[in-house]
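Counting starts at 1 for both ligands and their atoms, in listed order.
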Amino acid sequence: MSIQKFSPVTEEHLGDFHITTKEEVLEAAQRARKAAPGWAAIPLERRLKHLDKLRKLIIEEGEEIAREISKDTGKPIVDSLMTELMSVPLFLEYYQKEAPDILKTQKVKTPILFPGKSSYIQHYPMGVIAIISPWNFPFQLAMVPLLSALIAGNAVILKPSEVTPLTGMLMKNLMDRINLPKDVCQILMGDGSTGAALTEADVDKIFFTGSVATGKKVMAAAAKKPIPVELELGGKDAFIVCHDAPLERTVKGALWGGLINCGQMCVSVERIFVVESIYDTFVDKLKEEIQKLTIGAPEEQCDIGPMTFPSQIKVVEQHLADALEKGAKITHGGKKITDRPGLFFEPTIIEDVKPGMLIYDEETFGPVLPIIKVRNEHQALKMANDHQYGLTGSVWTSDHKRGLEIASKMECGQAMVNDVVLAVGNPALPFGGVKSSGFGRYHGKEGLLGFTHQKSIMVDRAILSDEPFWFPYAGKLPHMTKIFKSLLKGKMLGAVTELVKIRRKK
Ligand code: NDP
């Protein structure tokens, strides 16, 4: 059994790839277990220096790597370069500067009631991290968690998606070329069965990016052990167009945010709420601008490529058909392109979308802009929030203060004012969802700490023969009652006086 890969552009056969078996996965986990302590023992500065080789390789060979990702996914080479590749060296640079501070032992306050003691928080690697990644951004969504876990001092096993095996092999080759210690980073090609085997292997955390349905299975497998799991799942991101939205920027933002990577993006614009006073102007301009987009193969340097995954076209068609049946109107596009090979689909505008339609309730993951007319921003915000998903969202207005107020009220993990998608590329901003979009955060400080265990340490430097709170209790109750009351009233001096009295009694 092997994975057969077909080009999303030409539909020609591009190769066959090994499916790692359950036995091989379990063996890989054993090897990772053995390799983990050695990697954890290497000082952080040297781990970062080692991984810097990858940053240099990506910078030197960027365009070539981007072409390979585009061959695999069909996305424009500009997208492969800027949205897949670029973020990896940026994240490495960010962690080179910040990781020493994020991972260092922190001294924290100790209550005055505990004299002679000091308290610390330490962060230490978890051990072996399993990363399971999807096909839509097969490089970035695998490499950023993989590198974060390695920087934090863990061994890693990555299972990339069977849909994009060329990128899986590309990552494997790149990681092999930087010569990490043996078995510290293993990339296992395979399908869902390989992913399932990995969730059952001897690992210490599972970092999963993918659909809600698979995420639930991964969480169930993690619960059996139990081990921590982080789920980065789907979205149905809201785009709120206020009455005073800067028209040109907002229209271009909607087009890019909804159609980049052919809409196959967890942070894609999937619900556009437009206030009725600006509705006609906005939609007319959107229709004018969508016609200017070019569609073609990566080598043709067009704006929109084919879809990556054949069965995703069926999902898009099903969502559109359901919406039409329930009263929506397609006002641009709406069909698979049939006069050329490949998985090309017309960029689509669909209006009169409402709750109860699949295209409103579920993730579409295609080149479709669903538009919902609303009375005002208040209704837009209420509808945006009244949904199972909460990954990212955006609000578009000339009034920054009000924009920020609305963004603050959006129920999602990341919100933008007059911008779309880009916040995910800021290495300092934690990323992750709420509700069915998952939980846990990566990127930023949280993105490293999420791959560590915290250990709290308290050290007694006074080394007295005993403590006032220890046995025996006889005769201590009146003092303890006074300490209790003084503490709750914030009278520290009173509490300390009573402690001294207990000591003197001895
Ligand atoms: P899937 O859930 O189908 O697959 C995700 C990964 O899980 C793949 O590597 C897949 O392998 C693997 N897998 C499949 N079955 C199992 C199993 N039983 N146990 C363990 N692993 C398994 O998602 P897609 O690849 O289709 O990705 C699209 C989804 O990902 C969308 O919902 C999208 O919104 C979400 N996503 C979320 C992001 C976020 O950051 N929140 C970012 C990007 C995407 P294989 O593909 O080989 O079958």
(request) Report the nearest protein non-hydrogen atom to atom 42 (C) of ligand 1: residue, atom name, distance rounded to 0.1 Å. (result)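 Going atom by atom, the protein heavy atom closest to atom 42 (C) of ligand 1 ends up being C266 SG, 2.7 Å.
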[X] near ligand 1, heavy-atom distance under 4.0 Å?
X    : result
F431 : yes
F137 : no
G432 : no
G433 : no

(request) Would you tell me which option among S193, S211, P138 has the nearest heavy-atom contact to atom 1 (P) of ligand 1? (result)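 The option holding the nearest heavy atom is S211.
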(request) Only heavy atoms count here, so choose which of E232, K159, E363 is nearest to atom 32 (O) of ligand 1. (result)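 The option holding the nearest heavy atom is E363.
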(message) Check this for me, if you would: do R340 and E11 make a salt bridge, where the nitrogen-to-carboxylate-oxygen distance has to be below 4.0 angstrom?
(response)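 Here R340 does not pair with E11 in a salt bridge, since their nearest N and O are not under 4.0 Å apart.
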(request) Give a yes or no on whether a salt bridge exists between K252 and E289, defined as a side-chain N under 4.0 angstrom from a carboxylate O. (result)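 A salt bridge is absent here (no side-chain N lies under 4.0 Å from a carboxylate O).
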(request) Measure the acute angle between the ring planes of F239 and F282, then classify it against the limits of 30° and 60° as parallel, tilted or perpendicular. (result)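 Aromatic pair F239/F282 classed tilted.
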(message) Heavy atoms only, cut-off 4.0 Å: how does A213 contact ligand 1, side chain, backbone, both, or neither?
(response)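 Looking at A213 and ligand 1, no heavy atom falls under 4.0 Å.
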(request) Give the contacting part of L233 toward ligand 1: side chain, backbone, both or neither, where contact means a heavy-atom distance below 4.0 Å. (result) backbone
(request) Grab the two heavy atoms, one from L103 and one from H123, that are nearest each other, plus how far apart they are. (result)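 Where L103 meets H123 most closely, the heavy atoms are O-CD2, 3.9 Å.
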